[in-house]
Number of protein chains: 2
Amino acid sequence: MYLRALIGLAEDGTTTCSSEELAATAGVNSAKLRKDLSYLGSYGTRGVGYDVEYLRYQIAREIGVTHDWPVVIVGIGNLGHALANYSGFRSRGFRVVALLDADPTRHDEVVAGLDVRSFEDLESIVSDNDVSIGVIATPAVAAQAVADRMVAAGITSILNFAPSVLAVPEGVGVRKVDLSIELQILAYHEQRKAVAPGSEDAS
Amino acid sequence: MYLRALIGLAEDGTTTCSSEELAATAGVNSAKLRKDLSYLGSYGTRGVGYDVEYLRYQIAREIGVTHDWPVVIVGIGNLGHALANYSGFRSRGFRVVALLDADPTRHDEVVAGLDVRSFEDLESIVSDNDVSIGVIATPAVAAQAVADRMVAAGITSILNFAPSVLAVPEGVGVRKVDLSIELQILAYHEQRKAVAPGSEDAS
DNA sequence: AGGAGTTTGTGAACGGGAGAACAAAACGAG
DNA sequence: CTCGTTTTGTTCTCCCGTTCACAAACTCCT
Ligand SMILES: NC(=O)c1ccc[n+]([C@@H]2O[C@H](COP(=O)([O-])OP(=O)(O)OC[C@H]3O[C@@H](n4cnc5c(N)ncnc54)[C@H](O)[C@@H]3O)[C@@H](O)[C@H]2O)c1
Ligand SMILES: NC(=O)c1ccc[n+]([C@@H]2O[C@H](COP(=O)([O-])OP(=O)(O)OC[C@H]3O[C@@H](n4cnc5c(N)ncnc54)[C@H](O)[C@@H]3O)[C@@H](O)[C@H]2O)c1
């Protein structure tokens with residue numbers, strides 16, 4: 001989030017910023033921001049603030065997005081199409097190297113300049129491109145099988161959009177994005193507001 | 001997550017389950033699950049476990065998804081199309097009542113059985129359908145303006161896919177889904193694995 | 001050079017979630 | 001009816017993220 005805020009500030013021509021400004025831009029408390037940044041090193045100047053470009057590079061280096069990460073997307077349905085066409089990944093250090101789908105009727109298609117390939121090609125694509133990050137956008141029933149195959153092929157980080165709990169070996173990272181649950185959380189707070197007006201907790 | 005796990009168990013024909021089973025299905029610790037459920041009430045039977053159907057209803061009621069929530073989606077680009085076509089929302093208690101876009105060339109289109117309408121129609125749609133939840137899938141630069149207008153129209157919960165920090169009045173709920181940040185978190189752990197093998201923290 | 005004004009970096013207090021552990025409750029067998 | 005078994009509900013403790021508050025460090029002005 002700080003990296004994103006810094007990129008925004010840099011685009012606006014800001015060269016220097018205080019922890020207060022940066023925290024406001026990122027939407028967090030300034031003490032938290034300073035403490036977070038202090039874990040990376042002492043990149044600020046007391047009485048002055050942080051150099052936007054310098055701090056931006058330092059955070060990017062720490063996160064590991066100074067070079068591009070190759071990514072494969074599996075499941076080129078509604079969501080897979082959107083992800084493949086999303087330009088934001090490219091500009092944030094990720095490069096989609098392949099789109100895979102189990103459905104042979106999809107293999108003719110070209111999406112975002114890449115042709116949809118067979119899921120069978122996973123292993124060769126992963127080893128040829130040194131891919132370590134995979135995105136799962138298949139139906140929930142297929143997600144575990146896809147994940148198993150990804151892990152076997154050498155992928156060690158998975159972003160899962162399917163609403164299912166994935167079991168993976170130790171050392172493999174998984175993050176889950178579950179849109180229905182996000183909506184349900186909103187609905188819960190809505191209901192609370194309706195039931196107990198005045199005592200709602202706006203988080 | 002528990003609700004989803006319960007639905008899965010119910011589909012498999014399970015009528016009763018222990019906190020241990022349910023926790024394993026949902027991917028959490030059983031003590032945490034019991035504590036979470038205890039906030040809703042005492043719906044289990046000691047020595048037996050939980051009745052799947054009963055607990056499912058109780059959780060759905062507590063969350064507020066026993067009836068459908070109307071939802072509007074603003075920004076029918078790549079992501080908006082995917083969301084509009086997603087059947088999972090409907091089956092989890094959400095009903096997309098309108099698709100809005102500022103671009104007039106999109107207004108001819110029909111997506112998922114709904115025609116894309118002008119953003120100008122927001123106010124009338126919200127009041128006619130009693131909509132309280134809005135989804136933002138526009139570019140980041142437009143997100144704040146869209147949010148302001150949503151709030152003015154009466155929407156009190158926003159799910160934001162644009163990578164920007166939204167400022168909203170007290171009492172309005174906002175949740176953010178940021179796919180790039182999810183990937184960056186994965187990349188960070190990847191880099192740590194590469195730099196310090198053996199000391200990785202698989203979360 | 002020195003003092004006033006800023007802003008960082010960090011120690012200390014706070015709050016809350018997560019897990020271990022156990023008493024209370026339900027059930028079935030004898 | 002009683003005892004043993006199972007499983008919940010809850011307490012207690014630990015740990016970690018967040019925030020406050022302040023000394024240290026830097027700039028600028030006189
Ligand atoms: N569309 C959305 O906006 C949205 C929102 C939230 C969650 N999701 C979740 O994302 C996932 C994908 O959603 P969608 O709407 O794109 O579904 P979809 O049905 O449109 O697409 C799924 C694709 O996966 C492919 N597939 C199926 N099994 C496969 C396998 N074993 N290996 C490789 N590919 C396989 C199918 O051929 C299809 O092209 C689902 O789990 C859904 O719940 C989607
Ligand atoms: N496509 C993805 O997979 C993806 C992934 C992550 C994040 N996002 C984010 O989601 C948002 C949408 O992405 P996208 O790929 O669908 O972009 P897109 O450009 O394909 O679609 C954006 C749509 O919003 C409409 N729009 C623009 N300004 C508007 C306004 N003021 N009011 C109403 N509608 C407006 C445009 O006409 C367009 O149809 C972006 O903020 C993007 O960063 C997208």
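Numbers restart at 1 for each chain; the letters A, B, ... are given by sequence-line order, proteins then strands.
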Novice: If a protein heavy atom is under 4.0 Å from the base, mark B; if only from the sugar-phosphate, S; if neither, -; do that for nucleotides 24-30 of chain C going 5' to 3'.
Specialist: BBSS---

Novice: Indicate, yes or no, whether a donor-acceptor pair under 3.5 Å links the base of D:dT10 to the side chain of B:Lys35.
Specialist: no

Novice: Do you know which two heavy atoms are closest between A:Gly173 and B:Lys193, and how far apart they sit?
Specialist: N-NZ, 3.9 Å

Novice: Check B:Ile76, B:Thr138, B:Leu122 against B:Leu100 for a side chain to side chain contact (heavy atoms under 4.5 Å, CB included) and give me the one that passes.
Specialist: B:Leu122

Novice: May I ask you to say what A:Tyr43 touches in the nucleic acid, namely base, sugar-phosphate or nothing, with a heavy-atom cut-off under 4.0 Å?
Specialist: sugar-phosphate

Novice: Atom CD of B:Glu20 and atom P of C:dG19: how far apart are they, to the nearest Å?
Specialist: 12 Å

Novice: I need the A:Ile136 CD1 to A:Ile73 CD1 distance, nearest 0.5 Å.
Specialist: 12.0 Å

Novice: For the pair made of CG in B:Leu33 and P in C:dA20, what is the distance, rounded to whole Å?
Specialist: 14 Å

Novice: Could you check which of D:dT18, D:dG9, C:dT8 has an atom nearest any side-chain atom of B:Ser42?
Specialist: D:dG9

Novice: Could you label the plane-to-plane angle of the A:Tyr86 and A:Phe89 rings as parallel, tilted or perpendicular, counting under 30° as parallel and over 60° as perpendicular?
Specialist: perpendicular

Novice: With respect to the side chain of B:Ser18, which nucleotide from C:dA18, D:dT7, D:dT18 is positioned closest?
Specialist: D:dT7

Novice: From CZ of A:Arg34 over to P of D:dA21, roughly how many Å is that when rounded to an integer?
Specialist: 12 Å

Novice: Regarding B:Tyr188 and B:Arg192, is there a side-chain donor-to-acceptor distance under 3.5 Å anywhere?
Specialist: yes

